[in-house]
Colleague: 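Mind having a look at this structure? Questions to follow.
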Amino acid sequence: ITDMHRPFLWAHRGASCLAPENTMAAFATAVECGADGLELDIHLSRDGVPIVIHDETLDRTTDGHGRVCTRTWPQLQMLDAGSWFSEAFAGEPIPALEEVLKTFGGRVRLNLEIKAFDAGVAVIELLQRYPDAESIVSSFDWRLLEHLRTTDASLPIAVLFAAGNWRHAVSLAVGLRSVAFHPEAGQVGRSMITACRQAQLPVHAWTVDDPVRAKSLLRAGVNGLFTKDPSALRGVVLPAAS
């Protein structure tokens, strides 16, 4: 997953400081900014369609209300997922995961963060129809990741970690044959990086928008970063040739 010669730059929910998060506009902007990969969040609609949205509810990032899982995909397609960010993005829809796979699969890597347990199997089934899409499945729900590993022995998995016992999380990642470990940037320390390096487990930290902080993490040995502003970090990750 990682080119060890240079750090990997993930656009967190797309270029989500420049366009409304988890929309095709944010993903297209991220690619234009030179991101290596797109990170996006998956929930299921009531009728079982994997859709791209972070929250369990619609209220923060759309003009809809209530829980995502109570709406069918045709109902969700009617919502405006752009106006909350800026009038320039009025009418920007919630994307289906399939649209992202069709548009960006094969162009950049995709990190699919699965939010709901029941979305896991639906995502795997969809990925099988897009073999050219270079995808990683990640989650904070480690039971889900264990379930997905038993379902698909070759699925690229990454373990997300926010707080608590990082050693347990790293050993779980190793046991799942994960392609990467994704800790919250504030949790990253020298001993964690050493343990991951010994396990040949790349570390991709989230979410980092400050170039100074990014440089510090890269010096410490982090292999990749998640950022809302790939344009700001591109120069840190790919320093100009001297």
Side-chain angles (χ1 to χ4, degrees), residues 1 10-16 19-32 35-58 60-64 66-82 84-85 89 91-141 144-145 147-149 151-158 160 179 182 226 230:
I1 181 62
W10 292 103
H12 186 249
R13 308 180 199 168
S16 54
E21 66 176 63
N22 279 320
T23 61
M24 296 300 281
F27 301 143
T29 303
V31 172
E32 286 164 21
D36 301 303
L38 305 174
E39 186 268 352
L40 47 143
D41 304 286
I42 314 297
H43 283 280
L44 275 192
S45 65
R46 195 175 84 199
D47 46 350
V49 177
I51 67 152
V52 182
I53 189 169
H54 178 272
D55 298 359
E56 285 183 15
T57 56
L58 296 161
R60 182 175 66 86
T61 59
T62 79
D63 59 349
R67 291 170 65 81
V68 173
C69 64
T70 64
R71 303 290 189 94
T72 63
W73 172 230
Q75 289 172 329
L76 291 165
Q77 283 176 290
M78 307 291 289
L79 299 176
D80 177 344
W84 68 274
F85 184 87
F89 295 98
E92 184 72 27
I94 298 172
L97 173 56
E98 184 157 23
E99 185 184 0
V100 179
L101 291 170
K102 273 183 185 164
T103 308
F104 297 105
R107 289 174 62 194
V108 288
R109 290 176 185 159
L110 302 173
N111 184 110
L112 314 179
E113 184 185 332
I114 301 182
K115 291 296 190 182
F117 193 95
D118 58 354
V121 174
V123 168
I124 287 189
E125 287 172 358
L126 188 57
L127 287 178
Q128 287 165 352
R129 303 216 299 271
Y130 292 90
D132 293 340
E134 202 175 341
S135 303
I136 303 175
V137 168
S138 67
S139 188
F140 286 106
D141 186 340
L144 167 63
L145 294 178
H147 174 68
L148 294 180
R149 171 54 73 230
T151 308
D152 183 341
S154 64
L155 181 71
I157 282 174
L160 274 163
V179 296
H182 293 173
F226 291 83

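For clarity, every value in this text was computed on a predicted model and none was experimentally measured.
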Colleague: Is there a side-chain contact between T72 and D47 (heavy atoms, below 4.5 Å)?
Modeller: yes
Colleague: Quick check: closest heavy atoms across I136 and W10, and the distance to 0.1 Å?
Modeller: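 Looking at all heavy atoms of both residues, the shortest contact is CD1-CZ2, 3.7 Å.
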Colleague: Let me confirm one number: the CD-CZ distance from E113 to R13, rounded to the nearest 0.5 Å.
Modeller: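 Going from the CD atom of E113 to the CZ atom of R13 covers 8.0 Å.
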Colleague: If the plane angle is over 60° it's perpendicular, under 30° parallel, otherwise tilted; pick one for F226 and H182.
Modeller: perpendicular
Colleague: Please round to the nearest 0.5 Å and tell me the distance separating atom OG of S138 and atom CG of L148.
Modeller: 11.0 Å
Colleague: Main chain of A25, side chain of E92: is a donor-acceptor contact present, judged purely on distance under 3.5 Å?
Modeller: yes
Colleague: How about F85 and E21: do any of their side-chain heavy atoms sit closer than 4.5 Å?
Modeller: no
Colleague: Checking side-chain polar atoms at under 3.5 Å, does D141 have a donor or acceptor matched by the opposite partner on S139?
Modeller: no
Colleague: Of all heavy-atom pairs between T62 and W84, which one has the smallest distance, and what is that distance?
Modeller: N-CD1, 4.3 Å
Colleague: What distance do T103 atom OG1 and L110 atom CG have between them, rounded to the nearest 0.5 Å?
Modeller: 10.0 Å
Colleague: Could you measure the distance from the NE2 atom of H147 to the CG atom of D152? Nearest 0.5 Å is fine.
Modeller: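 Here the interatomic distance stands at 11.0 Å.
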Colleague: Have a look at I51 and tell me which of I42, D41, V68 forms a side chain to side chain contact (heavy atoms under 4.5 Å, CB included) with it.
Modeller: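 Between I51 and the candidates, side chain to side chain contact (heavy atoms under 4.5 Å, CB included) is satisfied uniquely by V68.
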Colleague: What closest approach, in Å, do T23 and P93 show between heavy atoms, and which atom pair accounts for it?
Modeller: CG2-O, 4.1 Å
Colleague: Under the 3.5 angstrom rule, does the side chain of H12 hit a backbone N or O of E39 as a donor-acceptor pair?
Modeller: no
Colleague: Decide side-chain contact (heavy atoms from CB on, under 4.5 Å) for R149 and I157; before the verdict, give the C-alpha distance in whole Å, the side-chain angles of both, and the deciding distance to 0.1 Å.
Modeller: CA-CA 8 Å; R149 171 54 73 230; I157 282 174; 3.8 Å; yes
Colleague: To the nearest 0.5 Å, how far apart are CZ in F117 and CG in L144?
Modeller: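 That separation rounds to 5.5 Å.
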Colleague: Considering non-hydrogen atoms only, spot the tightest contact between L145 and A158 and give its length.
Modeller: CD1-O, 3.6 Å
Colleague: Quick one: pull up CG in L79 and CG in L58 and give me the separation to the nearest 0.5 Å.
Modeller: 6.0 Å
Colleague: For residues I94 and V52, report the shortest heavy-atom separation together with the two atoms involved.
Modeller: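 Smallest interatomic distance, heavy atoms only, reads CG2-O, 3.5 Å.
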Colleague: Let me know which of M78, R71, Q77 forms a side chain to side chain contact (heavy atoms under 4.5 Å, CB included) with Q75.
Modeller: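 Testing Q75 for a side chain to side chain contact (heavy atoms under 4.5 Å, CB included) against M78, R71, Q77 leaves exactly one candidate, R71.
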Colleague: Quick check: do L127 and V137 have side-chain heavy atoms less than 4.5 Å from each other?
Modeller: yes
Colleague: Hey, are the side chains of I114 and P50 touching, using non-hydrogen atoms and a 4.5 Å cut-off?
Modeller: no
Colleague: Does some side-chain heavy atom of L76 sit less than 4.5 Å from a side-chain heavy atom of V49?
Modeller: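 Sidechains of L76 and V49: no contact.
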Colleague: Between A122 and L44, what is the shortest heavy-atom contact and its length?
Modeller: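 Minimum heavy-atom separation between A122 and L44: CB-CD2, 3.8 Å.
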Colleague: Less than 4.5 Å apart, any side-chain heavy atom of L112 and any of V123?
Modeller: yes
